[in-house]
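Starting from 1, each residue takes its place in the sequence as its number.
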Amino acid sequence: MTSTALAPPLSLQIDGMTCASCVSRVEKSLRAVPGVQQASVNLATEQATVQAAPGVAASALAAAVHNAGYDVRQQQTVLQIEGMTCASCVSRVEKALARIPGVTAASVNLATERATVQALSTVPVATLRAAVEKAGYGARSLDAPAARQRPTWWPVAASAALTVPLVAPMLVQPFGVHAMLDGWIQLVLASLVQFIFGARFYRAGWMAVRAGTGNMDLLVALGTSAAYGLSIYLLVLHAAHGMPHLYFEASASVITLVLLGKWLEARAKRQTADAIRALNALRPSTARVRRDGVETDVPVEQIVVGDLVVVRPGERVPVDGAIVEGRSHLDESLITGESLPVAKAEGDRVTGGSINADGALLVRTDAIGAETLLSRIIRMVESAQAAKAPIQRIVDRVSAVFVPVVLGVAALTVVGWVLAGAGWETALVNAVAVLVIACPCALGLATPTAIMAGTGVAAQHGILIQDAQALELAHGVTTVAFDKTGTLTEGKPSLVAVLPAAGGDADAVLQQAAALQQRSEHPLARAVLARLQAQGLAAAEAQDVQALPGRGLQGRVGGLDLALGSGRLQREWAADAGALAAEEERLAGEGRTVSWLLQRDGSQARVLGLLAFGDAIKPAARDAVARLHALGVKTVMLTGDNAGSAGSVARELGIDDVRAEVLPGDKAAIVQQLRAAGGVVAMVGDGINDAPALAAADVGIAMATGTDVAMQTAGVTLMRGDPRLVPAALDVSRRTVATIRRGLFWAFAYNVVGIPLAAFGLLNPVIAGAAMALSSVSVVANALTLRRWKAD
């Protein structure tokens, strides 16, 4: 009888269970996972304990729970990784983290040098760090202080100082100057470079060998060691017969050039993160708080919700809140991308990080710390920069086989030159060039650096890209579907006409409509109540008010069963419009939105009156549509308004297709239809009713002036309600993807051209080292060109 080795039991925190049948369903689903031996669920603690074979992945268990209809609570941990140099390092760290029991997903970004780990709540951070360190790298929490280091330039400078005496005689020799150092002096200088400044390559290369993989450090260590070892062999062999040709300058130069390239690369990568640093710099460290009539300066961390904060002219607003006293203009450019100061008065909201221009303000705090808009923006940008675009996964697969292939080519180079009769010296020098020219780090950097630069510059212009996939998909958008109200129009309709049915009274119609809408937050309801207040009228009382989704609402007013809704509701109730039908047609033709006030008596319904609303089109909407057409993008408008109103707006803006009288649930279906027709669809909206359509689209674009639900559903958020940011978002996506492709082209081109040249003896190891360093620097510099992008 044989026994199967089991991994330590895993605990899963389950969300959504309510009864014993839920427990049974989860247990059954977990036991169906291959390799699971036992699974028990405790309803009281909402915890599942699973005993499984070592090969069972935590992600499989989480998927099983999800398939049963429940969720597994997970923790996200971000670690700062130290010591990575190329895409192979990324792959090794990801594999080390993914092998930990309880880890469901691990993603490592070479540009930010961060690992994002999704794990079951039972996986401690110390276990994650230990796995990274076992793989040969350093790991620390983001809030942990970094080890104090010397200036990063000094190893490059010291290595260069030792290398120059080795290289200089070769440079002046064509001019008839013979100043070659004695071979033993060359050995001393080269040894210092090889084993002091090149030690990092040996350490990282050895870790790669122990892990059964390869990386850039291994290639550098092998290549420079071959040149160094060959030189010692030649020096000892020919010492008694004069100075032989040595290759100490090649090994030292390669190490120095690679160190220089990594230093330049690190400097360039820091520039791609400028957007995050600029946003972090907006956070004031102190604030002036008024408590019990006394003003005191306190650290921002000590402010609580409800505190009154005094913001003087020229100061940054330290918190999110509403103005309770004062008037001023605020510069919100670094948050919304809006270049002009915005007027603010009592009742207006202010955002932490904006600059108060000319008036003292008293602000009541309603969000602090991580809940402020600025903090949420920073998290969104960091999340996008840390995520992997789909194209990066292809690069990762290529990088996984890159180093073994290069080692194979180097071995074939040695064998080929020896068989050709060139001798071991020539064969080894050419193999060194092959090892040195190969650069997997350029492949690993092309995508994440471009994403960092692209998302960063977009954030500076008020475009928040929340995930890398949305950034990559947006470049291929062929159709943009717009919600109308609040997106293309101001979203603040006004009541322009109240028309009673024959024999009715306009004021009574207004009062009854207001009664039904007193507790509604709908923009049309606010317009009715504003008109009622302006006319000095009082709303009647309403009972049993309930919404009719996509149609309106109904309730009892003064003993009558009334409803206020769209033309769809009027037709469903079969209420005869009478003479108001012509008025409705006229108003709809003018682009007005019409609501009907209806009374139902048993199975009969009649029209009491109609209300007409007007919503001004945003000044920038026409320009936004024109820019989308210039990009070759088709435009569609989805709205619940009547066809006449929708058509009027569409004609004025030049929109290609209009879908009117659309229920909220139908918007998502229309988006799916547009996708099924072969288009890549972006949906632009701002309301709760737009959330399903935003989720259904390839790319959801939400206006930050709308609801939080819309913003959480969308992959892109526009920080101000300017529709011109829609074509700008597509443009920055296209530029970013083009930059990624250009970077990958150059990364591959260096290797495709350089490796054969080196193998055929047409590339000196020193030149190969310079080209290798240049490849990484050029790829990052290519990404930095995105920083010059501006929204038109």
Side-chain angles (χ1 to χ4, degrees), residues 57-59 74-120 123-144 146-147 200-221 262 265-266 269 273 382-383 385-404 439-449 451-452 468 747 776 780:
S59 56
Q74 298 190 43
Q75 65 178 14
Q76 177 173 293
T77 305
V78 181
L79 298 175
Q80 193 72 39
I81 309 298
E82 298 166 347
M84 294 190 300
T85 57
C86 65
S88 296
C89 301
V90 169
S91 177
R92 189 155 68 255
V93 173
E94 286 180 341
K95 288 178 180 176
L97 290 169
R99 282 195 295 265
I100 299 173
V103 170
T104 57
S107 176
V108 177
N109 187 305
L110 181 59
T112 60
E113 297 182 322
R114 289 183 178 181
T116 303
V117 183
Q118 295 285 349
L120 304 179
V123 181
V125 175
T127 302
L128 302 178
R129 288 201 304 266
V132 174
E133 289 165 1
K134 186 177 180 181
Y137 303 92
R140 60 181 174 84
S141 301
L142 294 185
D143 53 358
R200 55 173 286 181
F201 302 113
Y202 286 104
R203 283 194 298 269
W206 172 242
M207 291 294 183
V209 171
R210 286 180 56 190
T213 61
N215 60 7
M216 185 201 76
D217 300 292
L218 179 61
L219 297 180
V220 172
K262 299 304 290 182
E265 174 192 310
K269 282 197 296 186
E382 286 179 335
S383 176
Q385 293 184 346
K388 283 191 177 183
I391 195 172
Q392 179 64 27
R393 296 185 177 92
I394 300 173
V395 175
D396 289 345
R397 287 197 291 271
V398 172
S399 299
V401 299
F402 184 86
V403 173
C439 188
C441 54
L443 290 173
L445 286 168
T447 300
T449 51
I451 287 175
M452 287 180 68
S776 295
V780 179

Compare all side-chain heavy atoms of [X] with those of [Y] and state whether any distance is below 4.5 angstrom.
{"X": "Gln76", "Y": "Val117", "answer": "no"}
{"X": "Glu82", "Y": "Glu113", "answer": "no"}
{"X": "Val103", "Y": "Gln118", "answer": "no"}

Nearest heavy-atom pair of [X] and [Y]: which atoms, and what distance?
{"X": "Val108", "Y": "Val90", "result": "O-CG1, 3.5 Å"}
{"X": "Ala98", "Y": "Ala106", "result": "N-CB, 4.4 Å"}
{"X": "Thr104", "Y": "Ser59", "result": "O-CB, 3.5 Å"}
{"X": "Thr77", "Y": "Val125", "result": "CG2-CG2, 4.0 Å"}
{"X": "Arg129", "Y": "Ala139", "result": "CD-O, 3.4 Å"}

With rounding to the nearest 0.5 angstrom, report the [atom1] to [atom2] distance, [X] to [Y].
{"X": "Glu94", "Y": "Ser107", "atom1": "CD", "atom2": "OG", "result": "5.5 Å"}
{"X": "Leu128", "Y": "Ile100", "atom1": "CG", "atom2": "CD1", "result": "4.5 Å"}
{"X": "Asn109", "Y": "Thr116", "atom1": "CG", "atom2": "OG1", "result": "8.0 Å"}

With no hydrogens and no angle check, just 3.5 Å: does a side-chain donor-acceptor pair link Gln80 and Arg114?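 Yes.
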